[in-house]
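Not measured: the values here are computed from a predicted model. Residue numbers count from 1 along this sequence.
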Amino acid sequence: MATNETFGFLLSETARTWRTLLDQRLRPLGLSQAKWLVLLHLNMAKDDLTQKELSDRLAIEGPSLVRLLDRMEADGWVERRASPNDRRAKTIHLTDKAMETIREIKRIATKLRGELLGDISEDELAMASDVLMRIKQRAEQL
């Protein structure tokens, strides 16, 4: 059973292990963890994201993201366009290739989620989600 002393470590290790498993299953699609995270963040965004907004969401430095986006653009996953709101900024857009791949990512992620959460009840998941959301909100306020 997790205590206050072990909860953070357990949370971190669980997230790391889950991402590692998903990364292994997505590797045949030609995606590194960095690439599939970019695709998913862009797909979940309600509006077009600038490079700055995306780097903030991914918690990576701007120059690192620029290099990653250069590779992803060359491979046909994303395209950059001038921002209509700020001529100095670029917005990042998913290509048709990326949208097809995102459907496959979701299929693979759903299968893994079923394997990992299969014997956990809806009530347990709802409680865990509520606790994690409260912790996240507190952390964002600090």
Kindly say whether [Y] contributes a backbone atom to a donor-acceptor pair with the side chain of [X] at under 3.5 angstrom?
{"X": "E124", "Y": "S121", "result": "yes"}
{"X": "D48", "Y": "T91", "result": "no"}
{"X": "R25", "Y": "I105", "result": "no"}
{"X": "T17", "Y": "T14", "result": "no"}
{"X": "D86", "Y": "R88", "result": "yes"}
{"X": "E73", "Y": "R80", "result": "yes"}

key: Distance-only polar pair, side chains of H93 and T95, donor-acceptor under 3.5 Å   = no

request  = Answer with yes or no whether the side chains of E61 and S64 bring together a donor and an acceptor at under 3.5 Å.
outcome  = no

Any heavy-atom pair between the side chains of [Y] and [X] that's under 4.5 Å?
{"X": "T50", "Y": "N85", "result": "no"}
{"X": "M99", "Y": "N43", "result": "yes"}
{"X": "L39", "Y": "M72", "result": "yes"}
{"X": "L54", "Y": "I60", "result": "no"}
{"X": "W77", "Y": "L31", "result": "yes"}
{"X": "D23", "Y": "W36", "result": "yes"}

With a 4.0 Å cut-off on N to O distance, would you call [X] and [Y] a salt bridge?
{"X": "E100", "Y": "K97", "answer": "no"}
{"X": "R113", "Y": "E115", "answer": "no"}
{"X": "K136", "Y": "E140", "answer": "yes"}

Do [X] and [Y] belong together in a cluster built from hydrophobic side chains that touch within less than 4.5 Å?
{"X": "L10", "Y": "L117", "result": "no"}
{"X": "M127", "Y": "I135", "result": "no"}
{"X": "L132", "Y": "L116", "result": "no"}
{"X": "V66", "Y": "L42", "result": "no"}
{"X": "L21", "Y": "L11", "result": "no"}

How many angstroms lie between atom [atom1] of [X] and atom [atom2] of [Y], to the nearest 0.5 angstrom?
{"X": "D96", "Y": "E79", "atom1": "CG", "atom2": "CD", "result": "9.0 Å"}
{"X": "R87", "Y": "S83", "atom1": "CZ", "atom2": "OG", "result": "12.0 Å"}
{"X": "E13", "Y": "T20", "atom1": "CD", "atom2": "OG1", "result": "9.0 Å"}
{"X": "L68", "Y": "S32", "atom1": "CG", "atom2": "OG", "result": "6.5 Å"}

T110/R107 under side chain to side chain donor-acceptor pair (under 3.5 Å): CA gap, chis, key distance, verdict = CA-CA 5 Å; T110 298; R107 187 192 65 73; over 6 Å; no

inquiry  = One pair to check against salt bridge (Lys or Arg N to Asp or Glu O under 4.0 Å): R57 and E53. What are the steps and the verdict?
reply    = CA-CA 6 Å; R57 288 184 186 204; E53 291 166 334; over 6 Å; no

inquiry  = Quick check on D130: does its CG atom have over 12 non-hydrogen neighbours (other residues, nucleotides or ligands) under 6.0 Å away?
reply    = yes

query = Checking salt bridge (Lys or Arg N to Asp or Glu O under 4.0 Å) for the pair D75/R71: CA distance, chi angles, key distance, verdict?
reply = CA-CA 6 Å; D75 292 340; R71 291 190 304 272; over 6 Å; no

